[in-house]
Amino acid sequence: MTVVWRLVLLLLTAAPTGAPSLCSYSVTPIKFGFRIEFSNSPSGDYNIAITEDGRPDIKNTSNVPVSNQTSSHDIQGLKPCTEYKHHVTFLHSDGNVTSCSGSNYKSTTTEMNAGDVKEVNSKPGHVCYQTDWDISSLQSTQSNISPQSHGNKTFCVKPDFNDICSDLVFTSKNCVNAAFTLTKYITAEFLNPEEIKQIPADKLPAEIKAELPPNCNNLSIKYTCWEDGRDNELKTLSELEPFTDYSCTGQIKDNNVLIKNTSALHFRVDCDLTITVTKSSPTNTSVELIWKTTSQKCEDDNLENLSYFCSYENAHRTLGTKLRSGGKCNISGLKPFTKYKCKVQPTYKHQPLKDVTHQDIKTDVGVPGPVTMSLQLQEHNVIKVTCETLQFNGPEKIYMLQVSYGSEIVRNEQRINKCNFVFDNLRYSTTYKVKVTAFNGKLESAPKIESITTNYNDKAVIGFLIFLIVLTSLALLLITYKIYILKKRRTRDDNRDEVFLSTIYSCVP
Ligand SMILES: *[C@@H]1O[C@H](CO)[C@@H](O)[C@H](O)[C@H]1NC(C)=O
Ligand SMILES: *[C@@H]1O[C@H](CO)[C@@H](O)[C@H](O)[C@H]1NC(C)=O
Ligand SMILES: *[C@@H]1O[C@H](CO)[C@@H](O)[C@H](O)[C@H]1NC(C)=O
Ligand SMILES: *[C@@H]1O[C@H](CO)[C@@H](O)[C@H](O)[C@H]1NC(C)=O
Ligand SMILES: *[C@@H]1O[C@H](CO)[C@@H](O)[C@H](O)[C@H]1NC(C)=O
Ligand SMILES: *[C@@H]1O[C@H](CO)[C@@H](O)[C@H](O)[C@H]1NC(C)=O
Ligand SMILES: *[C@@H]1O[C@H](CO)[C@@H](O)[C@H](O)[C@H]1NC(C)=O
Ligand SMILES: *[C@@H]1O[C@H](CO)[C@@H](O)[C@H](O)[C@H]1NC(C)=O
Ligand SMILES: *[C@@H]1O[C@H](CO)[C@@H](O)[C@H](O)[C@H]1NC(C)=O
């Protein structure tokens with residue numbers, strides 16, 4: 001008996017632990033949420049808190065008025081097929097609260113029906129639904145995106161780039177029946193041009209790769225471009241030139257109907273030119289260069305408007321002649337037998353390009369420059385010749401001399417590097433012709449010819465003079481002797497003076 005009593009007592013006291021609760025309620029799932037029905041509860045204000053299991057967000061309704069012992073309150077905007085914990089408290093007028101019996105139990109919402117959701121058009125580029133459910137728990141089957149609350153019972157989702165041109169399907173993973181799905185075909189209109197990746201290929205003819213959503217098989221993009229600053233001259237990709245800045249936009253067409261334009265894209269291709277001199281033909285005053293131009297990035301046709309300038313010593317520009325995939329030029333005005341660094345400078349529409357090529361060349365042997373000569377009589381019959389040329393224009397430096405008298409060649413001489421000749425033993429008082437040329441091993445300069453006359457024979461004159469002096473001395477001796485004889489005779493005969501003197505005079509020639 002006592003055991004049975006104790007069990008009954010235990011059962012009576014255990015359930016509500018002590019005194020029966022001040023208030024109690026029951027929860028019934030209804031469309032969009034729960035209905036809370038109060039029973040045996042005092043009139044006044046209650047607080048209803050609904051918590052999704054394991055999530056921090058709480059649906060909290062404060063100051064719910066309960067005016068009668070049997071009153072109910074609907075909580076809507078909950079997620080379908082979702083388990084919630086509920087907690088209801090009575091709010092005392094002094095601020096104290098009392099939990100109602102039934103609190104902290106769990107209930108699960110109902111499934112959704114197709115009619116519960118209405119598609120609305122409230123945000124561009126988004127798919128929006130209006131419903132009393134909280135559909136933020138739905139997930140798209142392809143890309144795991146969920147609608148986000150947008151206020152006013154509206155939920156919107158921005159389709160993923162890859163969802164475009166395919167069905168966007170939402171299901172609730174909680175609803176086991178899964179009878180309900182939201183399906184929306186995402187048209188190409190949802191395409192945001194900013195999201196299209198555009199990759200210009202660094203080559204000519206021009207190409208721009210645009211990444212469209214994978215399912216949009218009927219979409220195509222046609223690009224038009226314009227040179228910066230000339231947006232009224234539209235060009236297709238195949239018309240684009242190298243070394244030029246363009247802006248391009250693509251017209252996105254759905255079965256040839258224009259739907260959108262892509263964002264503008266900068267396009268420029270700098271062809272990587274390789275200029276190879278294939279032939280250089282020097283003369284003694286010019287050189288002809290022939291070169292080939294190749295490019296990995298650009299085709300020959302795209303290089304049609306290239307032009308070339310040849311120069312040397314960073315000056316003396318000459319315009320080259322265009323040949324098929326290359327060009328040639330004739331650099332003239334060069335000095336013979338001289339090394340030059342020649343430059344081929346490509347330009348595109350007056351804009352010099354960096355792909356310059358240098359070629360070392362040496363001009364051919366030329367005629368040696370003019371010779372200067374100076375002649376000097378070193379002695380009466382010795383001629384000294386010095387001469388010089390400033391340019392030999394060739395590998396060797398030889399001076400060649402010829403001394404002639406009339407048609408008779410008297411001497412022929414050669415000297416290397418220096419021109420310093422002495423011709424002796426020549427004839428006295430004779431006019432000689434001296435001819436000098438410079439020879440570089442291949443070519444000979446114009447001759448320099450001068451004449452010079454040797455002096456009289458000085459040795460013969462001196463001999464004659466000595467003879468004259470001896471003769472005069474002898475004559476003087478004779479005169480002195482004769483005067484001495486006369487003086488002796490005068491002492492005897494003074495009168496014959498005049499006659500004798502005239503005799504002496506007649507002796508002088
Ligand atoms: C719910 O609201 C009441 C009254 O405004 C507040 O006292 C209580 O802390 C709230 N509960 C939660 C979990 O926010
Ligand atoms: C309580 O509700 C019943 C019917 O639901 C109504 O007849 C009664 O008058 C109500 N009492 C008060 C105090 O409002
Ligand atoms: C409020 O509650 C506390 C303890 O729960 C109690 O001590 C106090 O007397 C209550 N106040 C009123 C006005 O009932
Ligand atoms: C909320 O939606 C309703 C119906 O769609 C509309 O009439 C109302 O203007 C909207 N309110 C706001 C603030 O958007
Ligand atoms: C593409 O175009 C074809 C023919 O116009 C049409 O039958 C097909 O439905 C279109 N596909 C899409 C995804 O729009
Ligand atoms: C796209 O660009 C073309 C010109 O390139 C213009 O005529 C057309 O209006 C643009 N379309 C849109 C949708 O912006
Ligand atoms: C060369 O320039 C002319 C004039 O600007 C242009 O019309 C032509 O298309 C250009 N050719 C190439 C291959 O770019
Ligand atoms: C280059 O020009 C020079 C002088 O203008 C000329 O003598 C020479 O023959 C030319 N060379 C060629 C290959 O045309
Ligand atoms: C170049 O060589 C030719 C013969 O090969 C010659 O006639 C011409 O005068 C030379 N010119 C110069 C500047 O040396």
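No hydrogens, no waters, no symmetry mates; every other heavy atom, side chains included, goes into these values. Counting convention: from 1, in listed order, for ligands and their atoms alike.
- A cation-pi arrangement, defined by a distance under 6.0 Å to the six-membered ring centre and an angle within 45 degrees of its axis, is present between Lys362 and Phe337.
- Proximity annotation for atom 8 (C) of ligand 9: of Asn284, Thr283, Leu443, Asp364, Asn284 comes nearest, heavy atoms only.
- Under a 3.5 Å cut-off, the side chain of His380 and the backbone N or O of Tyr456 do form a donor-acceptor pair.
- Counting heavy atoms from C-beta on, the side chains of Phe439 and Lys397 never come closer than 4.5 Å.
- Of the possible donor and acceptor atoms, one in the side chain of Ser146 sits under 3.5 Å from a partner among the backbone N and O of Leu138.
- Ser404 places no side-chain N or O within 3.5 Å of a backbone atom of Glu408 that could act as its donor or acceptor partner.
- Looking at atom 14 (O) of ligand 8, its nearest protein heavy atom turns out to be Asn330 ND2, 3.4 Å.
- When the options Asp270, Thr347, Val269 are evaluated for a side chain to side chain contact (heavy atoms under 4.5 Å, CB included) with Phe243, the one that passes is Asp270.
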Checklist entry - Hey, mind stepping through Cys310 and Cys342 against disulfide bond (SG atoms under 2.5 Å apart) and telling me if it holds? => result CA-CA 7 Å; Cys310 296; Cys342 295; over 6 Å; no
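- Checking side-chain atoms of Asn113 against main-chain N and O of Gly115 turns up no donor-acceptor pair under 3.5 Å.
- Scanning all protein heavy atoms for the shortest distance to atom 9 (O) of ligand 9 gives Val367 CG2, 3.7 Å.
- By the 3.5 Å distance cut-off applied to N or O atoms, Gly366 is not counted among the residues near ligand 9.
- Close contacts of ligand 8 with Glu288, meaning ligand atoms under 4.0 Å from a residue heavy atom, involve 13 (C).
- Set against the non-hydrogen atoms of Asn255, the atoms of ligand 5 under 4.0 Å away are 1 (C), 2 (O), 5 (O).
- For atom 11 (N) of ligand 5, the protein comes within 4.0 Å by at least one heavy atom.
- Counting only heavy atoms of the protein, atom 13 (C) of ligand 9 lies nearest to Thr285 CG2, 3.5 Å.
- Less than 4.0 angstrom separates atom 5 (O) of ligand 5 from at least one non-hydrogen atom of the protein.
- Between Ser286 and ligand 8, a contact under 3.5 Å exists for no N or O pair.
- Atom 1 (C) of ligand 5 has its closest protein heavy atom at Asn218 ND2, 1.3 Å.
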